[in-house]
Student: 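A single structure is presented below for examination.
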Amino acid sequence: MGGRAAMSSRHQIHLLLLLSSLLTLLLCLSTSSARRAPFAMRISCGARQNVHTLPTNTLWYKDFAYTGGIPFNATRTSIISPPLKTIRYFPLSEGPENCYIFNRVPKGRYSVRIFFGLVAHPNFDEEPLFDISIEGTLISSLKPGWISHDEQAFAEGIVFLTDGSASLCFHSTGHGDPAILSIEILQVDENAYKYGSDQGHGIILKTSIRLTCGTGKPKFDEDYRGDHWGGDRFWKPISTYSIGSDKEISTESSIKQASIAPNFYPEALYQSALVGTENQPELEYIMDVDPNRNYSVWLHFAEIDSSVRGVGQRVFDILINGESVFEDVDIIKRSGDQYVALVLNTTVAVNGRTLTVTVQPKKGKAIINAVEIFEIITAESKTLADEVRALRTLKTSLALPRRFGWNGDPCIPQQHPWSGADCQFNQTTGKWVIDGLGLDNQGLRGFLPKEISKLTHLQSINLSGNSIRGHIPSSLGTISGLQSLDLSYNFLNGSIPESLGQLTSLRRLNLNGNKLSGTVPAALGGRLLHRASFNFTDNAGLCGIPGLPACGPHLTAGGKVGIAVGALLALFLLVMLLIICWKRRQNIIRAQQIAAREAPYAKARTQFTRDIQLSRHNSLGQARLAAENGPSLLS
């Protein structure tokens with residue numbers, strides 16, 4: 001009985017364990033199915049239809065209505081570039097700055113990657129050099145020889161997008177036309193690659209290098225079947241740091257704690273590694289970097305050497321540029337077991353042009369599975385949104401030539417501001433503002449929009465020597481800090497707005513060479529006595545100050561309109577009177593003509609009427625005589 005009871009108890013325990021496992025599996029499946037997929041947008045630049053690429057059947061959307069430029073056939077520069085057939089390039093004739101603008105991008109943290117290519121035409125520069133910015137912040141400058149290095153075939157950054165859009169711009173440097181093969185905007189975890197407790201949204205992590213150690217095959221996260229929330233990272237393979245100084249090892253055992261939030265590394269990343277040798281137990285990796293920058297370094301470890309089974313068998317220090325950053329690192333002790341992922345992160349300032357990572361063993365030999373290094377870039381402050389909109393309105397209304405570009409942000413990157421727009425950083429708002437417009441002699445046409453007054457920080461405007469028409473907008477008088485206004489030698493008409501007299505800071509005003517008329521505002525005329533330089537000449541209709549003709553009785557605009565309407569009404573009445581007189585005269589003439597034709601018949605009728613009347617008169621006379629004489633029978 002005791003044996004049967006014990007057996008029954010064991011069966012119950014096994015059943016409970018089985019039910020517990022099934023419940024855990026169902027919970028995992030439920031959680032996995034409930035978790036939404038990350039936002040992902042992949043653009044095949046220059047493509048006119050959507051494209052799927054092997055071996056992962058990745059979907060690339062067609063390139064439509066995101067930017068300007070010219071689509072063309074593509075030449076790939078690297079085996080890691082997406083196998084796409086089209087490209088979009090931006091000739092300098094379309095402006096020095098050209099941008100892709102994506103709207104309706106959910107707020108979040110993103111990995112943004114741009115692959116470059118070559119235009120498949122013999123007349124094009126084989127290796128264009130240009131700059132790349134994300135959200136107005138410069139993240140990359142292509143260097144000579146980039147087509148020979150896989151890791152330089154793209155630029156990548158991790159950035160927060162907060163305003164529902166993404167802006168990616170390409171800036172010409174005079175060495176060929178920017179040519180873009182593909183763009184990827186892939187959402188990652190909100191806390192991905194968070195390297196400090198107070199990491200703000202104003203930081204961009206530019207990918208400098210990602211290495212997978214102990215293998216010779218380049219791979220993306222997709223190739224590793226990694227989690228989509230990882231951002232489909234590219235891992236450059238490295239089979240040795242220095243020939244004879246290390247060796248490759250690998251395993252097929254599962255790795256725990258790899259694909260977890262927030263970075264979701266692929267498990268296969270930890271299944272290969274480089275280890276030191278008896279002759280060279282330490283490992284050292286050296287890479288070139290830009291000087292005077294801060295870098296975020298991420299080092300990956302897993303104890304996959306079957307000969308190292310316990311705590312204390314492998315212990316090492318980690319140094320960066322000779323400075324110790326981690327001491328007494330014991331992978332099993334820190335991770336808890338063999339085949340468990342361990343990630344160490346640190347931030348270093350680099351003054352020179354190299355960054356050296358050294359794994360220096362104290363017990364056993366050094367080991368490392370993967371390396372990630374990011375340059376930390378502070379995102380630039382943008383230009384005030386109202387002023388950006390005002391400039392874009394000005395671009396349209398003045399028919400700004402395409403060579404100006406005027407795409408992206410007017411003031412950033414600071415290395416590539418818009419031509420003709422002067423910028424100044426406003427400490428109060430923490431934004432860039434426009435304090436000058438210099439577009440003289442640029443062949444501008446169109447008119448000045450009232451929205452120019454939204455450029456409230458302007459101190460100088462020079463639009464002289466163009467073909468601008470229409471009136472001077474009265475809203476110019478609201479730009480209180482304006483000191484210089486030059487609109488000379490255009491085709492402006494109408495009167496000078498009274499509001500310009502309110503510009504107390506105005507010291508230079510050139511309106512000469514236009515078609516202006518009316519009285520110069522008295523407030524401007526009085527300013528001539530206070531060392532101001534105003535020029536109103538070559539405007540035939542202007543009057544009212546010394547050097548211009550004297551003005552007659554001044555009429556307001558409403559008075560002028562009233563006079564014009566009255567004159568038109570009088571002219572209309574005069575025309576109507578003439579028409580009536582003419583018609584009446586025609587009627588009289590017609591009546592006379594009819595009377596002349598009927599004259600003989602009228603005369604005959606008149607004589608006949610007279611004869612009848614005489615006959616009647618005689619008969620009446622005879623009747624009266626008979627009455628007077630009495631009846632003849634009585635006599």
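These figures come from a predicted structure and were not determined experimentally.
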Student: Any donor and acceptor pair, going by atom type alone, linking the side chain of Asn369 with main-chain N or O of Ala341 inside 3.5 Å?
Tutor: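 No: the side chain of Asn369 does not pair with the backbone of Ala341.
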Student: Please find the pair of heavy atoms, one from Pro218 and one from Ile79, that lie closest to each other, and give the distance.
Tutor: CG-CD1, 4.4 Å
Student: Do side-chain atoms of Thr173 reach the backbone of Leu129 as a donor and acceptor pair under 3.5 angstrom?
Tutor: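 Present.
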Student: Inspect the surroundings of CD in Glu126 and state if more than 12 heavy atoms from other residues, nucleotides or ligands are less than 6.0 Å away.
Tutor: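 No.
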Student: Test of understanding: with side chain to side chain contact (heavy atoms under 4.5 Å, CB included), list the residues that count as partners of Val388, not counting sequence neighbours.
Tutor: Thr383, Arg392, Pro410
Student: Which pair of heavy atoms, one from Asn294 and one from Ala349, lies closest together, and at what distance?
Tutor: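 Minimum heavy-atom contact is OD1-CB, 3.3 Å.
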Student: Check step by step if side chain to side chain contact (heavy atoms under 4.5 Å, CB included) holds for Ile204 and Ile158.
Tutor: CA-CA 6 Å; Ile204 295 177; Ile158 298 174; over 6 Å; no
Student: For the CD1 atom of Ile468 and the CG atom of Leu463, what is their distance to the nearest 0.5 Å?
Tutor: 4.5 Å
Student: Kindly state whether the ring of Phe130 and the ring of Phe90 have centres lying under 6.0 angstrom apart.
Tutor: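 No, too far apart.
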Student: Is a donor from one side chain sitting under 3.5 angstrom from an acceptor on the other, for Glu451 and Thr393?
Tutor: no
Student: Just do the side chain to side chain contact (heavy atoms under 4.5 Å, CB included) check on Val289 and Glu375 with the steps written out, would you?
Tutor: CA-CA 9 Å; Val289 295; Glu375 181 184 337; over 6 Å; no
Student: What do the steps show when you test Phe115 against Phe234 for ring pair (Phe, Tyr, Trp, His ring centres under 6.0 Å), and what is the final call?
Tutor: CA-CA 12 Å; Phe115 270 96; Phe234 168 71; 8.0 Å; no
Student: Are the side chain of Asn191 and the backbone of Lys194 linked by a donor-acceptor contact shorter than 3.5 Å?
Tutor: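 No, Asn191 side chain to Lys194 backbone: no donor-acceptor pair under 3.5 Å.
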Student: Do Thr56 and Asp223 pair up side chain to side chain, a donor and an acceptor below 3.5 Å, judged on atom types alone?
Tutor: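 There is no such pair between these side chains.
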Student: Nearest 0.5 angstrom please: Cys213 SG to Leu269 CG, how far?
Tutor: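 Here the interatomic distance stands at 8.5 Å.
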Student: Report the distance from atom CG of Leu211 to atom CG of Leu299, rounding to the nearest 0.5 Å.
Tutor: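 The CG atom of Leu299 is 10.5 Å from CG of Leu211, to the nearest 0.5 Å.
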Student: Can you classify the ring geometry of His121 versus Phe124 as parallel (below 30°), tilted (30 to 60°) or perpendicular (above 60°)?
Tutor: perpendicular
Student: How about Lys219: does its NZ atom have over 12 heavy atoms from other parts shown lying under 6.0 Å from it?
Tutor: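 Yes, because the 6.0 Å sphere around NZ of Lys219 holds more than 12 heavy atoms from other groups.
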Student: Taking the side chain from Gln187 and the backbone from Phe39, do they hold a donor-acceptor pair closer than 3.5 Å?
Tutor: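 Checked: pair present.
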Student: What orientation do Tyr285 and Tyr241 show, parallel under 30°, tilted 30 to 60°, or perpendicular over 60°?
Tutor: tilted
Student: Kindly give the heavy-atom pair with the smallest separation between Asp189 and Ala261, and that separation in Å.
Tutor: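 Smallest heavy-atom distance, with atoms named: OD2-CB, 4.4 Å.
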Student: Taking only residues two or more places apart in sequence, or in another chain, which ones meet Asp290 in a salt bridge (charged side-chain N to carboxylate O under 4.0 Å, His left out)?
Tutor: Lys143, Arg293
Student: What pairs with Asp63 under salt bridge (charged side-chain N to carboxylate O under 4.0 Å, His left out), at least two apart in sequence or on another chain?
Tutor: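 For Asp63, the residues satisfying salt bridge (charged side-chain N to carboxylate O under 4.0 Å, His left out) (neighbours in sequence not counted) are Arg88.
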Student: Are the side chain of Trp406 and the backbone N or O of Ser419 linked by a donor-acceptor pair below 3.5 Å?
Tutor: yes
Student: Could I get the full list of side chain to side chain contact (heavy atoms under 4.5 Å, CB included) partners for Asn263, not counting sequence neighbours?
Tutor: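 By the side chain to side chain contact (heavy atoms under 4.5 Å, CB included) rule, Asn263 matches Ala192, Tyr193, Arg233, Tyr265, Trp298.
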Student: Using only atom types and a distance under 3.5 Å, with no angle test, would you say the side chain of Thr137 pairs donor to acceptor with the backbone of Glu380?
Tutor: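 Indeed, once roles are kept as given, a pair shorter than 3.5 Å links the two residues.
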Student: The criterion is disulfide bond (SG atoms under 2.5 Å apart); which residues satisfy it with Cys411, sequence neighbours excluded?
Tutor: Cys423
Student: When rounded to the nearest 0.5 angstrom, what is the spacing between OG in Ser484 and CG in Leu437?
Tutor: 11.5 Å
Student: How far apart are the closest heavy atoms of Ala258 and Glu267, and which atoms are they?
Tutor: CB-CA, 3.9 Å
Student: Check whether the side chains of Glu372 and His300 place a donor and an acceptor atom closer than 3.5 Å, and report yes or no.
Tutor: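 Yes, a side-chain donor-acceptor pair sits under 3.5 Å.
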Student: Not counting sequence neighbours, which residues clear salt bridge (charged side-chain N to carboxylate O under 4.0 Å, His left out) with Glu94? List them please.
Tutor: Arg402
Student: If you apply the rule side chain to side chain contact (heavy atoms under 4.5 Å, CB included), what do you find for Ser296 with Asn345, and how did you get there?
Tutor: CA-CA 7 Å; Ser296 181; Asn345 166 243; 3.2 Å; yes
Student: So, using side chain to side chain contact (heavy atoms under 4.5 Å, CB included) as the criterion, who are the partners of Asp232 when residues are at least two apart?
Tutor: Arg42, Arg113, Glu184, Leu186, Phe220, Asp221, Glu222
Student: Backbone N or O of Gly405 within a donor-acceptor pair of the Lys395 side chain at under 3.5 Å?
Tutor: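 At least one qualifying donor-acceptor pair exists.
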Student: Say whether, by atom type as modelled, one donor and one acceptor occur between the side chain of Trp146 and the main chain of Pro128 under 3.5 angstrom.
Tutor: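 Yes, because the side chain of Trp146 sits within donor-acceptor range (under 3.5 Å) of the backbone of Pro128.
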Student: Kindly write out the residues that satisfy side chain to side chain contact (heavy atoms under 4.5 Å, CB included) with Gln483, not counting sequence neighbours, or none if the list is empty.
Tutor: Gln459, Ser505
Student: Checking side chain to side chain contact (heavy atoms under 4.5 Å, CB included) for the pair Phe301/Ile318: CA distance, chi angles, key distance, verdict?
Tutor: CA-CA 12 Å; Phe301 304 94; Ile318 299 175; 3.7 Å; yes
Student: What residues, two or more places apart in sequence or in another chain, satisfy salt bridge (charged side-chain N to carboxylate O under 4.0 Å, His left out) together with Glu135?
Tutor: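 Per chain and number, Glu135 pairs via salt bridge (charged side-chain N to carboxylate O under 4.0 Å, His left out) with Lys382.
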Student: Under 4.5 Å between any side-chain heavy atoms of Phe160 and Glu190, yes or no?
Tutor: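 A side-chain contact exists here, since the closest heavy-atom pair is under 4.5 Å.
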Student: Nearest 0.5 angstrom please: Asp386 CG to Lys431 NZ, how far?
Tutor: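 If we round to the nearest 0.5 Å, Asp386:CG and Lys431:NZ are 11.5 Å apart.
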Student: Quick one: side chains of residues 352-360, donor-acceptor pairs under 3.5 Å with protein atoms, not counting sequence neighbours, listed by atom name and distance.
Tutor:
| unit_1 | atom_1 | unit_2 | atom_2 | d |
| --- | --- | --- | --- | --- |
| Thr358 | OG1 | Glu284 | OE2 | 3.4 |

Student: Under a plain distance cut-off of 3.5 Å, with no hydrogens placed, do Asn103 and Ser165 share a side-chain donor-acceptor pair?
Tutor: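 Note: Ser165 and Asn103 side chains miss the donor-acceptor criterion.
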Student: Between Asp150 and Ser78, do the side chains contain an N or O donor and an N or O acceptor separated by less than 3.5 Å?
Tutor: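 The criterion, which ignores hydrogens and geometry beyond distance, is satisfied for Ser78 and Asp150.
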Student: If you look at every heavy atom in Asp317 and Glu327, which pair is closest and at what distance?
Tutor: OD1-CA, 3.2 Å
Student: Do you know which two heavy atoms are closest between Pro449 and Leu394, and how far apart they sit?
Tutor: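 What the structure gives for the nearest pair is CD-CD1, 3.6 Å.
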Student: Within a radius of less than 6.0 Å around CZ of Arg225, do more than 12 heavy atoms belonging to other residues, nucleotides or ligands occur?
Tutor: no
Student: Mark yes or no for whether Gln442, through its side chain, and Asn466, through its backbone, hold a donor-acceptor pair below 3.5 Å.
Tutor: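 Checking the backbone N and O of Asn466 against the side chain of Gln442, no donor-acceptor pair under 3.5 Å is found.
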Student: Test: salt bridge (charged side-chain N to carboxylate O under 4.0 Å, His left out). Region: residues 417-430. Which pairs qualify, not counting sequence neighbours?
Tutor: none
Student: I'd like to know if the side chain of Glu387 reaches the main chain of Ile434, judged simply by a donor and an acceptor atom lying under 3.5 Å from each other, with no hydrogens or angles considered.
Tutor: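 At least one qualifying donor-acceptor pair exists.
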Student: What's the separation between atom CZ in Phe154 and atom CZ in Phe116, rounded to the nearest 0.5 Å?
Tutor: 9.0 Å
Student: For Cys169, what residues pass the disulfide bond (SG atoms under 2.5 Å apart) criterion, not counting sequence neighbours?
Tutor: Cys99
